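Just so it is clear, the structure is predicted and the values come from calculations on it, not from any experiment. Heavy-atom basis, side chains included; hydrogens, waters and symmetry copies ignored.
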Amino acid sequence: MRSAVTVSLTASAVLAGGLFAGQAYAAPPVPSITAPGGFVMNNGTGATLYGKAADTRRSTGSTTKIMTAKVVLSQRNLNLDAKVTIQKAYSDYIVSKNASSARLIVGDKVTVRQLLYGLMLPSGCDAAYALADKFGTGTTRAARVKSFIGKMNDEARKLGLRNTHFDSFDGISSGQNFSTPRDLTKIASSAMKDSTFRTVVRTKSTTQKVTTKNGGYRYMSWTNTNKLLSTYSGAIGVKTGSGPQARYCLVFAATRGGKTVIGTVLASPSEANRAADVKKLLDYGFAR
């Protein structure tokens with residue numbers, strides 16, 4: 001009798017143990033997102049954690065500016081404190097395109113570092129133009145801009161990205177500016193290796209002292225369009241994007257417990273949908 005009880009208890013323990021073990025190691029349910037395209041990976045290992053139309057080419061909006069910053073930061077002997085004089089062409093461009101702006105003032109002398117903040121926080125297309133003009137090569141502004149965009153495409157090729165092409169320095173496209181959730185995530189992952197890039201994209205807001213045309217100074221204040229930095233614990237970047245074709249995009253990254261999850265959503269139907277999608281994907285990524 002005692003033996004039978006022992007066997008019964010042992011069997012029950014095994015069943016219970018198996019059940020609890022199964023529960024402990026059960027994979028989290030794959031989230032459903034409204035965005036037509038999404039991708040998430042472990043930034044440390046490169047392992048794919050989630051994909052939805054991950055290799056489908058789509059318009060990228062201002063997430064393009066991740067590559068703009070990457071090209072600037074990859075320049076040899078880069079001096080982040082070098083000053084760039086803001087030209088009327090940059091201001092005229094903003095007006096003509098009704099583009100997002102860092103509100104740069106013509107004649108001001110702004111450092112490369114400050115232009116990177118103006119590029120990535122308020123998503124300044126004027127800052128993007130200034131950087132393309134500064135770091136492209138050629139005797140005319142048009143030639144320098146074309147050269148800079150060429151450098152963006154060269155960087156994409158170096159990363160082995162076959163579904164990415166740039167025709168602009170800021171995402172305002174003439175029809176050939178596209179990437180995929182997987183490719184954009186890889187671009188961001190590569191860019192995040194640079195300490196200056198990491199510092200800029202995790203900054204919620206900044207006030208920068210710039211030199212005016214007359215040798216005085218003014219303060220420029222910029223707030224990051226990436227609200228994830230304030231709404232998701234551990235968020236560290238990286239860039240929003242939007243537009244008529246792009247809809248609402250976000251390349252995102254967060255770190256918890258020594259693990260960094262990085263990913264992209266493209267073409268969300270609204271800002272609210274984008275935020276909900278990204279939270280789901282980050283939660284899922286950390287649970288994997």
Side-chain angles (χ1 to χ4, degrees), residues 58-73 83-136 138 140-153 155-156 164-179 184 187-188 191 197 200-201 203 205-206 208 210 220-227 237-251 266 271:
R58 299 184 189 277
S59 177
T60 59
S62 286
T63 61
T64 297
K65 291 166 182 162
I66 298 170
M67 184 60 94
T68 307
K70 180 172 168 53
V71 168
V72 170
L73 290 167
K83 292 185 177 179
V84 177
T85 301
I86 303 306
Q87 306 294 318
K88 185 173 183 293
Y90 312 156
S91 178
D92 289 347
Y93 175 80
I94 292 296
V95 173
S96 69
K97 300 293 186 180
N98 191 29
S100 54
S101 172
R103 304 182 308 282
L104 301 176
I105 307 298
V106 176
D108 281 4
K109 293 177 172 57
V110 184
T111 68
V112 172
R113 190 191 312 273
Q114 289 169 336
L115 285 173
L116 287 169
Y117 278 100
L119 174 78
M120 300 303 284
L121 272 65
S123 200
C125 295
D126 45 357
Y129 197 166
L131 290 167
D133 193 9
K134 167 72 174 175
F135 291 103
T140 66
R141 183 172 293 118
R144 290 190 292 274
V145 167
K146 183 178 180 180
S147 164
F148 186 87
I149 295 168
K151 291 180 181 183
M152 294 170 70
N153 287 312
E155 285 291 325
T164 294
H165 185 267
F166 300 104
D167 68 5
S168 73
F169 48 73
D170 58 2
I172 298 177
S173 173
S174 58
Q176 287 299 310
N177 206 90
F178 56 80
S179 189
L184 276 172
I187 293 169
F197 185 89
V200 170
V201 299
T203 301
S205 63
T206 186
Q208 300 283 331
V210 304
M220 303 294 291
S221 295
W222 296 309
T223 300
N224 204 318
T225 59
N226 184 6
K227 296 175 183 177
V238 291
K239 186 72 187 74
T240 60
S242 62
Q245 288 78 40
R247 305 297 296 276
Y248 294 90
C249 310
L250 183 63
V251 181
L266 293 182
E271 276 194 69

Determine yes or no for a side-chain-to-main-chain donor-acceptor pair under 3.5 angstrom, with [X] supplying the side chain and [Y] the backbone.
| X | Y | result |
| --- | --- | --- |
| Thr203 | Ser205 | no |
| Lys151 | Phe135 | yes |
| Asn226 | Thr240 | no |
| Asp167 | Gly175 | yes |

- Query: Between Ser62 and Lys65, do the side chains contain an N or O donor and an N or O acceptor separated by less than 3.5 Å?
  - Reply: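 Result is yes, a qualifying pair exists.
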Do Asp126 and Ser91 pair up side chain to side chain, a donor and an acceptor below 3.5 Å, judged on atom types alone?
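Note: Asp126 and Ser91 side chains miss the donor-acceptor criterion.
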### Query
Which pair of non-hydrogen atoms, one from Ala69 and one from Met120, has the smallest distance, and what is that distance?
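Here Ala69 and Met120 meet closest at CB-SD, 4.2 Å.
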Query raised in the report: Looking only at heavy atoms, which two atoms of Gly118 and Ala127 are closest? And how far apart?
Result: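 Between these two residues, the closest heavy atoms are C-CB, 3.8 Å.
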(Q) Determine whether Leu250 and Thr63 satisfy the following criterion, side-chain contact (heavy atoms from CB on, under 4.5 Å), listing intermediate values before the conclusion. (A) CA-CA 7 Å; Leu250 183 63; Thr63 61; over 6 Å; no
With sequence neighbours excluded, tell me which residues meet side-chain hydrogen bond (donor to acceptor under 3.5 Å, both in side chains) with [X].
| X | answer |
| --- | --- |
| Asp170 | Tyr93 |
| Lys239 | Ser123 |
| Asp92 | Lys88 |

Are the side chains of [X] and [Y] in touch, meaning some heavy atoms are under 4.5 Å apart?
| X | Y | value |
| --- | --- | --- |
| Met152 | Thr64 | yes |
| Ile66 | Phe197 | yes |
| Val71 | Phe148 | yes |

